[in-house]
Engineer: 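Quick one: this structure, given as structure tokens, is what I'll be asking you about.
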Amino acid sequence: MYQVEAAPPSVAEYRALRTAVGWASPDEAVCRQALDATGFAVVARHAGRAVGMARLIGDGAVYGVVVDVAVHPDHQGAGLGRRMVDALVARATARGIRTTVLIAAPTSSPSTNPSASSRPRTTS
């Protein structure tokens, strides 16, 4: 059973998930700085272990940017990416953020990853 909780990953979880999906993992200080600048984040857990994460950054009023949507390869295909993005968009909408966009790696596309849409979602 998967749980998506409203919380940022720890620095160790952030670095481990980035590595698991093939992304560069900056040093701990840089990761801490990135996480501290997060407006809202979610972590997907399976048996208590972080297997996915997503963050919302932005100006807190007009634009929200979804970044770092990552699901461990062993847990991909279970809809976790979509659940996490939906949670971030719902939070942005509740806070009155008018436009939410997703930044995705070049290998992610709507055809291979339905959550990786390049269309901004206008929330008002």
Side-chain angles (χ1 to χ4, degrees):
M1 181 65 147
Y2 294 102
Q3 296 177 326
V4 175
E5 62 184 43
S10 69
V11 171
E13 291 169 334
Y14 182 75
R15 294 183 80 213
L17 284 167
R18 288 184 63 87
T19 299
V21 298
W23 297 346
S25 183
D27 68 42
E28 288 185 27
V30 171
C31 291
R32 169 55 47 213
Q33 184 179 5
L35 290 170
D36 287 347
T38 301
F40 182 67
V42 293
V43 176
R45 296 195 180 277
H46 183 264
R49 187 174 142 246
V51 297
M53 66 177 178
R55 299 187 307 129
L56 181 69
I57 61 174
D59 61 21
V62 179
Y63 296 104
V65 182
V66 176
V67 298
D68 288 337
V69 179
V71 177
H72 191 284
D74 292 346
H75 299 274
Q76 291 177 1
L80 293 174
R82 178 169 296 281
R83 283 177 58 191
M84 292 187 299
V85 169
D86 287 349
L88 296 181
V89 171
R91 174 67 172 230
T93 300
R95 292 186 135 200
I97 294 173
R98 297 171 186 200
T99 302
T100 304
V101 296
L102 170 69
I103 295 179
T107 57
S108 292
S109 70
S111 62
T112 60
N113 179 355
S115 295
S117 174
S118 58
R119 287 181 301 139
R121 293 187 187 185
T122 302
T123 57
S124 65

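Every heavy atom of this structure was used, including side-chain atoms; hydrogens, water molecules and symmetry mates were not. This is a predicted model, so every value here is computed, not measured.
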Engineer: Given side chains that start at C-beta, do those of H72 and R49 come closer than 4.5 Å, heavy atoms only?
Structural biologist: yes
Engineer: Tell me the closest heavy-atom pair linking A41 and P9, and the distance in Å.
Structural biologist: CB-CD, 4.4 Å
Engineer: Mind checking who shares a hydrophobic cluster with Y63, ILVMFWY linked at side-chain heavy-atom distances under 4.5 Å?
Structural biologist: V62
Engineer: Is there a side chain to side chain contact (heavy atoms under 4.5 Å, CB included) between T100 and L88 once you walk through the steps?
Structural biologist: CA-CA 9 Å; T100 304; L88 296 181; over 6 Å; no
Engineer: Go through the structure and list residues passing side-chain contact (heavy atoms from CB on, under 4.5 Å) with T19, not counting sequence neighbours.
Structural biologist: S25
Engineer: Is any side-chain heavy atom of E13 closer than 4.5 Å to a side-chain heavy atom of M53?
Structural biologist: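 Contact flag for E13/M53 side chains = no.
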Engineer: Do V42 and L80 belong together in a cluster built from hydrophobic side chains that touch within less than 4.5 Å?
Structural biologist: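 Same cluster.
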Engineer: What heavy-atom pair brings L56 and A92 nearest, and what distance separates the two atoms?
Structural biologist: CD2-CB, 4.0 Å
Engineer: Examine distances only and state if a side-chain atom of R18 and a backbone atom of A24 form a donor-acceptor pair shorter than 3.5 Å.
Structural biologist: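 Judged by distance alone, yes, a pair lies under 3.5 Å.
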Engineer: Using the rule that two of Ile, Leu, Val, Met, Phe, Trp, Tyr join whenever any of their side-chain heavy atoms come within less than 4.5 Å, decide whether Y14 and I57 are in one cluster.
Structural biologist: no
Engineer: Do the non-hydrogen side-chain atoms of D86 and R83 ever get within less than 4.5 Å of each other?
Structural biologist: no
Engineer: Going hydrophobic residue to hydrophobic residue with side-chain gaps under 4.5 angstrom, can you get from V89 over to V4?
Structural biologist: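 Same cluster: V89 reaches V4 through Ile, Leu, Val, Met, Phe, Trp or Tyr contacts under 4.5 Å.
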Engineer: Please tabulate, one pair per line, all N/O donor-acceptor pairs under 3.5 Å involving side-chain atoms of residues 30-37, not counting sequence neighbours.
Structural biologist:
from, atom 1, to, atom 2, distance (Å)
R32, NH1, D36, OD1, 3.1

Engineer: Looking only at non-hydrogen atoms, find the nearest pair between V69 and A54 and report the distance.
Structural biologist: CG2-CB, 3.9 Å
Engineer: Taking side chain as C-beta onward, heavy atoms only, is H75 less than 4.5 Å from Y2?
Structural biologist: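 Answer yes - side chains close enough.
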Engineer: Atom CZ in R45, atom CD in E5: separation rounded to 0.5 Å?
Structural biologist: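 Separation between the atoms: 4.5 Å.
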Engineer: Does R15 reach the main-chain N or O of P26 with its side chain, forming a donor-acceptor pair under 3.5 Å?
Structural biologist: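 Present.
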Engineer: Can you tell if the side chain of V71 reaches within under 4.5 Å of the side chain of M84, non-hydrogen atoms only?
Structural biologist: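 A side-chain contact under 4.5 Å exists here.
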Engineer: Do the non-hydrogen side-chain atoms of D74 and V51 ever get within less than 4.5 Å of each other?
Structural biologist: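 They are not in contact (no side-chain heavy atoms under 4.5 Å apart), so the answer is no.
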